[in-house]
Amino acid sequence: EAERHGAKVVEAFMYRTHPSWLEVKRLVASGEIGTLRHIQTFFGYHNLDPGDIRNVVQFGGGALYDVGCYAINSARWLFEAEPEVIGATIERRHLHGSFGTDTVTAGLLRFPTGSATFACATSIEDGQWVHIMGEAGRIELWIPFNIPPDRPTQVTLTHGGAPPVDPAVRRIEFPVADQYATQADAFAAHVLDGALEAQREALDRRLGAPRVGEEARGEDERARHRFVVLDHGRGPAQRRVALAREHEGERAVEGDSAV
């Protein structure tokens with residue numbers, strides 16, 4: 001629709017324009033850590049305010065929609081592929097009851113050449129990190145999504161194992177940068193010269209795909225991917241399997257359960 005009107009549109013995942021992530025993307029794409037095989041991500045915080053929009057079902061609240069989407073988006077970006085199998089376990093309870101939203105969600109994405117696991121939360125200790133593992137090395141990012149705008153950022157590149165083995169560790173430091181400012185600059189460049197055209201095309205593919213985990217009729221000839229959800233908080237955990245026609249990732253819905 002935007003293209004029909006001559007407008008520019010880019011998905012607003014601000015972290016992808018920060019210098020630290022641009023370098024991580026370059027390192028992975030260049031084979032610095034060998035073939036990418038696994039990504040492990042955690043992004044969570046503690047917020048039990050019932051009036052907060054993040055805890056209101058009707059407004060799309062919950063851990064997955066708020067912060068889990070970053071784990072999914074970054075994995076798809078680094079693997080440069082869509083997941084073939086998606087699974088999740090969902091916890092909807094918290095210390096004082098339930099808002100109906102997911103308070104802790106853990107997920108698994110299987111890609112053609114590797115996998116990603118993630119956990120996201122709205123009801124546990126604050127924290128966020130990403131570990132990227134290849135066949136010949138690994139990359140670690142701390143505070144990878146709420147990147148501080150007022151201090152340098154550091155990425156760790158490691159080859160040769162972990163202590164007590166003596167690995168080769170290189171800490172790459174980046175000067176202060178505000179990821180929202182870099183996002184604005186990147187979008188301005190896109191408007192002027194199409195600098196983010198590849199991201200726009202990727203967005204086109206995602207917007208054109210059905211939601212992962214939508215229940216597909218058994219007779220649908222295009223159904224080809226298995227989706228498993230373990231949902232705790234609606235009585236005993238139930239194993240529900242659905243077939244999905246395509247992949248979308250950021251907002252996967254199985255029945256009325258956000259996963």
Side-chain angles (χ1 to χ4, degrees), residues 1-26 28-29 39 41 43 52-54 56-84 86 101 107 109 111-112 116 118 120 128 130 141 143-149 153 174-214 216 222 225 244-254 258-259:
E1 185 68 17
E3 187 172 305
R4 186 167 67 86
H5 290 282
K8 301 287 188 179
V9 59
V10 174
E11 197 166 21
F13 277 104
M14 70 293 179
Y15 75 93
R16 289 172 60 160
T17 64
H18 191 275
S20 61
W21 272 102
L22 293 176
E23 177 62 9
V24 167
K25 175 67 170 175
R26 187 195 69 79
V28 172
I39 300 172
T41 301
F43 193 177
D52 192 295
I53 190 172
R54 298 168 183 83
V56 180
V57 173
Q58 294 88 338
F59 297 150
L64 182 63
Y65 288 3
D66 188 36
V67 291
C69 59
Y70 290 94
I72 296 170
N73 182 267
S74 56
R76 295 164 68 210
W77 187 41
L78 293 175
F79 273 109
E80 297 184 346
E82 296 298 311
E84 297 177 328
I86 305 171
T101 57
L109 310 176
F111 292 89
F118 69 90
C120 54
Q128 52 182 285
V130 177
L141 298 92
I143 319 181
F145 303 116
N146 292 134
I147 303 173
T153 304
F174 303 87
V176 174
D178 185 325
Q179 61 186 344
Y180 292 99
T182 58
Q183 177 180 249
D185 290 342
F187 184 71
H190 177 52
V191 170
L192 293 173
D193 59 20
L196 296 177
E197 198 64 22
Q199 288 193 30
R200 183 197 66 78
E201 291 173 0
L203 175 61
D204 287 345
R205 290 194 297 272
R206 287 196 291 277
L207 290 177
R211 304 299 189 203
V212 175
E214 284 184 347
R222 292 179 300 172
H225 298 292
R245 290 183 293 272
E246 293 289 347
H247 303 287
E248 205 264 330
E250 278 75 25
R251 189 182 174 92
V253 178
E254 193 274 334
V259 292

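The analysis underlying the following values was restricted to heavy atoms, covering all of them including side chains, and did not include hydrogens, waters or symmetry mates. Worth saying up front: this structure is predicted, and the values here are computed from it rather than measured.
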*Rounded to the nearest 0.5 Å, how far does CD of E23 lie from OG1 of T153?*
12.5 Å
*Which atom names give the shortest non-hydrogen contact between A116 and A75, and what distance separates them?*
CB-CB, 3.8 Å
_Spacing of T182 atom OG1 and L22 atom CG [to the nearest 0.5 Å]_ = 7.5 Å
*How far does CD of Q58 sit from CD1 of I53, to the nearest 0.5 angstrom?*
11.0 Å
*Are the side chain of K25 and the backbone of R16 linked by a donor-acceptor contact shorter than 3.5 Å?*
no
_I need the T41 OG1 to Q128 CD distance, nearest 0.5 Å._
10.5 Å
*Please say which of F174, Y15, Y70 ends up in a ring pair (Phe, Tyr, Trp, His ring centres under 6.0 Å) with W21.*
Y15
*Dump the intermediate steps for side-chain contact (heavy atoms from CB on, under 4.5 Å) on I72 and L64, then the final yes or no.*
CA-CA 9 Å; I72 296 170; L64 182 63; 3.8 Å; yes
*Main-chain N/O of A7 paired with H5 side-chain donor or acceptor, under 3.5 Å*: no
*asked:* Strictly distance-based, threshold 3.5 Å: is any side-chain N or O of T17 a donor or acceptor partner for the main-chain N or O of Q183?
replied: yes
*What closest approach, in Å, do G61 and Y65 show between heavy atoms, and which atom pair accounts for it?*
O-CD2, 4.3 Å
*Could you tell me which non-hydrogen atom of I147 sits nearest to which non-hydrogen atom of H18, and how far apart they are?*
CG2-NE2, 3.5 Å
*asked:* Going by ring pair (Phe, Tyr, Trp, His ring centres under 6.0 Å), F145 matches just one of F118, F13, F43. Which one?
replied: F43
*Could you pull out the closest heavy-atom pair between G62 and T101, with the gap in Å?*
CA-CB, 3.7 Å
